[in-house]
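See structure below.
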Amino acid sequence: MQHQQRSQGRLSPSSDTEDIVALLAPRLVHFVGVARTEHVTRAAQEMQVPQSTLSRSVVRLEQDLGVDLFARHGRTLSLTPAGRAFLVSVERALAEIERAADEVRADADPATGKVAFGFLHTMGAETVPGLLHTFRADHPRIRFSLVQNHGDAMLEGLRAGELDLCLTSPVPDAPDLVARRLDEQKLRLVVPADHRLAGRRRIRLAEAADETFVTLEPGYGLRRITDALCAQAGFRPRVAFEGEEAETLRGLVAAGLGVALLPPPAVPRPGVVELNVTSPRAAREIGVAWLAERPDTPPVTAFKKFLLSRRDRLLPD
């Protein structure tokens, strides 16, 4: 009769992993408690669980597995070889679950939790350090996981759950995201110091139609803005070099390899001259974005509120 009961409850080898976990998980803690004491009554007292509940849970676990985990000796039990092997793996798994639970609780703690924050490379030298310094004056123990990347990659990071918030440009418009404009940053035409236009203070972008450009790679927001501004000025830029970081482009300009449309540098770079563009209006909007309908932890809520309070004063003067 006992053999028939176990055969009815046994999981087949073809059962989905999710089904197995859902079925076994509630009984694993009971198994560990009994295995450690090898006595159902003592385990029930220590775990503050009715003895009958504990006994049924262990029996059902054995039925689910189709394996005897315990040898019965009256009121006492002893682990079978299969039970000892199973106990090692279960204790390891439960310890990992406990560690993961402690970690997510710590990350959500209002005072000491963590924010996964992404931002553009061009904001890493000055803007973001200044923001974090100001924010931590009131939240000194909140931790940050910082990611620098281009806009498209950060939006994918939001969707994948790898980021809580990101500063990006252009400000995204997507149904699964919430985005708020925070500030605007002027772009300048950067030319070599010995360039024919280097003596100018301002320029119409159409005057650079015959120049060779160095730009960020396709997929970067600043590249899309560069292409759009050149189109407004009536030309398509001739691109000689594509890079991944604005300061690298400045170095290429200083080496005489082309001109570039770039935001202001954190520190002036020798070898280049930066011209104000009068036409078309050359600027990019900076915004903060997050995934719609995703609940925020208290640290994320606090930092989001801080960023939104910096509207029109996000960037250094």
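For reference, positions follow the sequence shown, starting with 1. The figures here come from the full heavy-atom set of this structure, side chains too, leaving out hydrogens, waters and symmetry mates.
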Report all side-chain donor-acceptor pairs from residues 170-178 shorter than 3.5 Å, counting only partners two or more places apart or in another chain.
{"residue": "Asp176", "atom": "OD1", "partner": "Arg159", "partner atom": "NH2", "Å": "3.2"}
{"residue": "Asp176", "atom": "OD2", "partner": "Arg159", "partner atom": "NE", "Å": "2.6"}

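- In this structure, CZ on Phe306 lies 9.5 Å from NE2 on His139, to the nearest 0.5 angstrom.
- Asp183 pairs by the salt bridge (Lys or Arg N to Asp or Glu O under 4.0 Å) definition with nothing, not counting sequence neighbours.
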**OP:** List the steps, then state whether side chain to side chain contact (heavy atoms under 4.5 Å, CB included) holds for Leu216 with Glu242.
**Re:** CA-CA 5 Å; Leu216 295 180; Glu242 295 175 335; over 6 Å; no
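- Linking ILVMFWY residues whenever their side-chain heavy atoms come closer than 4.5 Å, directly or via other members, places Val128 and Trp290 in the same cluster.
- Screening residues 150-180 for ring-ring contact (aromatic ring centres under 6.0 Å, His included), with sequence neighbours left out, gives His150-Tyr220.
- For Ala198 against Val273, the heavy-atom pair with the smallest separation is O-CG1, 3.5 Å.
- Around atom CZ of Arg200, more than 12 heavy atoms belonging to other residues, nucleotides or ligands sit under 6.0 Å away.
- Closest approach of Phe31 to Leu87, counting heavy atoms only: CE2-CA, 3.7 Å.
- In this structure, the side chains of Val40 and Val58 stay at 4.5 Å or more apart for every pair of heavy atoms.
- A donor-acceptor contact shorter than 3.5 Å is absent between the side chain of Asp164 and the backbone of Phe117.
- Remark: side-chain polar atoms of Glu62 are paired, donor with acceptor, to backbone N or O of Leu69 under 3.5 angstrom.
- A salt bridge (Lys or Arg N to Asp or Glu O under 4.0 Å) with Glu184 is found for exactly one of Arg311, Arg281, Arg313, namely Arg281.
- With hydrophobic clusters built from ILVMFWY side chains whose heavy atoms lie under 4.5 angstrom apart, Val300 shares a cluster with Leu132.
- Listed by chain and number, the residues in a side chain to side chain contact (heavy atoms under 4.5 Å, CB included) with Ala108 are Thr297 (sequence neighbours excluded).
- One hydrophobic cluster, built from ILVMFWY side chains closer than 4.5 Å, cannot hold both Leu187 and Phe119; they sit in different ones.
- Annotation: side chain of His30 is not in contact with side chain of Leu61 (no heavy-atom distance under 4.5 Å).
- Scored by the side chain to side chain contact (heavy atoms under 4.5 Å, CB included) test, Asp102 finds Glu98, Arg105 as partners (sequence neighbours excluded).
- The side chain to side chain donor-acceptor pair (under 3.5 Å) analysis of residues 77-87, with sequence neighbours excluded, yields the pairs His73-Ser78.
- The list of side chain to side chain donor-acceptor pair (under 3.5 Å) pairs with a residue in residues 115-125, not counting sequence neighbours, reads Thr122-Arg284.
- Within 6.0 Å of the CZ atom in Arg99, the count of heavy atoms belonging to other residues, nucleotides or ligands exceeds 12.
- Taking hydrophobic clusters as Ile, Leu, Val, Met, Phe, Trp and Tyr residues chained together by side-chain heavy-atom distances below 4.5 Å, Val104 does not share a cluster with Phe303.
- At a threshold of 4.0 Å, the pair Lys305-Asp296 does not count as salt-bridged, since none of the basic side-chain nitrogens sits closer than that to a carboxylate oxygen.
- Nearest heavy-atom pair across Thr168 and Gly151 is OG1-CA, 3.3 Å.
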Which donor-acceptor pairs under 3.5 Å do the side chains of residues 248-271 make with protein atoms, sequence neighbours left out?
{"residue": "Arg250", "atom": "NE", "partner": "Glu274", "partner atom": "OE2", "Å": "2.8"}
{"residue": "Arg250", "atom": "NH1", "partner": "Glu247", "partner atom": "OE2", "Å": "2.8"}
{"residue": "Arg250", "atom": "NH2", "partner": "Pro263", "partner atom": "O", "Å": "2.5"}
{"residue": "Arg250", "atom": "NH2", "partner": "Glu274", "partner atom": "OE1", "Å": "3.3"}
{"residue": "Arg250", "atom": "NH2", "partner": "Glu274", "partner atom": "OE2", "Å": "3.2"}
{"residue": "Arg269", "atom": "NH1", "partner": "Glu247", "partner atom": "O", "Å": "3.4"}

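- Atom CZ of Arg294 has more than 12 heavy atoms from other residues, nucleotides or ligands within 6.0 Å.
- Legend: residues meeting side chain to side chain donor-acceptor pair (under 3.5 Å) with Glu91, ordered by chain and number and at least two apart, are Arg36.
- Remark: aromatic rings of Phe86 and Phe70 are distant, center separation not under 6.0 Å.
- When every heavy atom of Pro280 is checked against every heavy atom of Gln232, the shortest pair comes out as CB-OE1, 3.6 Å.
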Subject >> Evaluation steps, side chain to side chain contact (heavy atoms under 4.5 Å, CB included), between Val191 and Ile203 >> reply: CA-CA 11 Å; Val191 302; Ile203 188 174; over 6 Å; no
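- In terms of heavy-atom proximity, Asp227 sits nearest to Pro237 at OD1-CG, 3.8 Å.
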**OP:** Apply side chain to side chain contact (heavy atoms under 4.5 Å, CB included) to Asp152 and Arg224, showing your working.
**Re:** CA-CA 11 Å; Asp152 288 351; Arg224 291 196 295 272; 3.4 Å; yes
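- Atom CG of residue Leu165 and atom CG of residue Leu158 lie 7.5 Å apart, to the nearest 0.5 angstrom.
- Using bins of under 30°, 30° to 60° and over 60° for the plane-to-plane angle, the ring pair Phe213/Phe235 lands in the tilted bin.
- Within the 4.5 Å cutoff, no side-chain heavy atoms of Thr278 are placed close to those of Leu205.
- Arg238 pairs by the side chain to side chain contact (heavy atoms under 4.5 Å, CB included) definition with Thr212, not counting sequence neighbours.
- Leu307 and Leu291 fall within a single hydrophobic cluster, where Ile, Leu, Val, Met, Phe, Trp and Tyr are joined by side-chain heavy atoms under 4.5 Å apart, directly or via other members.
- Leu222 is not listed as a side-chain neighbour of Ser169, based on a closest heavy-atom distance of 4.5 Å or more.
- Side chains of Arg223 and Thr215: a donor on one and an acceptor on the other come within 3.5 Å.
- Put simply, CG on Leu77 and OG1 on Thr37 are 8.0 Å apart, with the number rounded to the nearest 0.5 Å.
- The number of heavy-atom neighbours closer than 6.0 Å to CG of Asp312, taken from other residues, nucleotides and ligands shown, is above 12.
- Considering only residues two or more places apart in sequence or on other chains, His195 meets the ring pair (Phe, Tyr, Trp, His ring centres under 6.0 Å) condition with none of them.
- Rounding to the nearest 0.5 Å places CZ of Arg236 at 11.0 Å from SG of Cys230.
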**OP:** For side chain to side chain contact (heavy atoms under 4.5 Å, CB included), just list the numbers for Val49 and Ser57, CA-CA rounded to whole Å, side-chain angles, deciding distance to a tenth of an Å, and then say yes or no.
**Re:** CA-CA 11 Å; Val49 175; Ser57 182; over 6 Å; no
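- Scanning for side chain to side chain donor-acceptor pair (under 3.5 Å) contacts around Lys114 gives an empty result, with sequence neighbours left out.
- Distance check: Leu314 CG to Met123 CE gives 5.0 Å after rounding to the nearest 0.5 Å.
- Across all their heavy atoms, Met154 and Leu163 have their closest contact at O-CD1, 3.6 Å.
- The OG1 atom of Thr127 lies 9.5 Å from the CG atom of Leu120; values are rounded to the nearest 0.5 Å.
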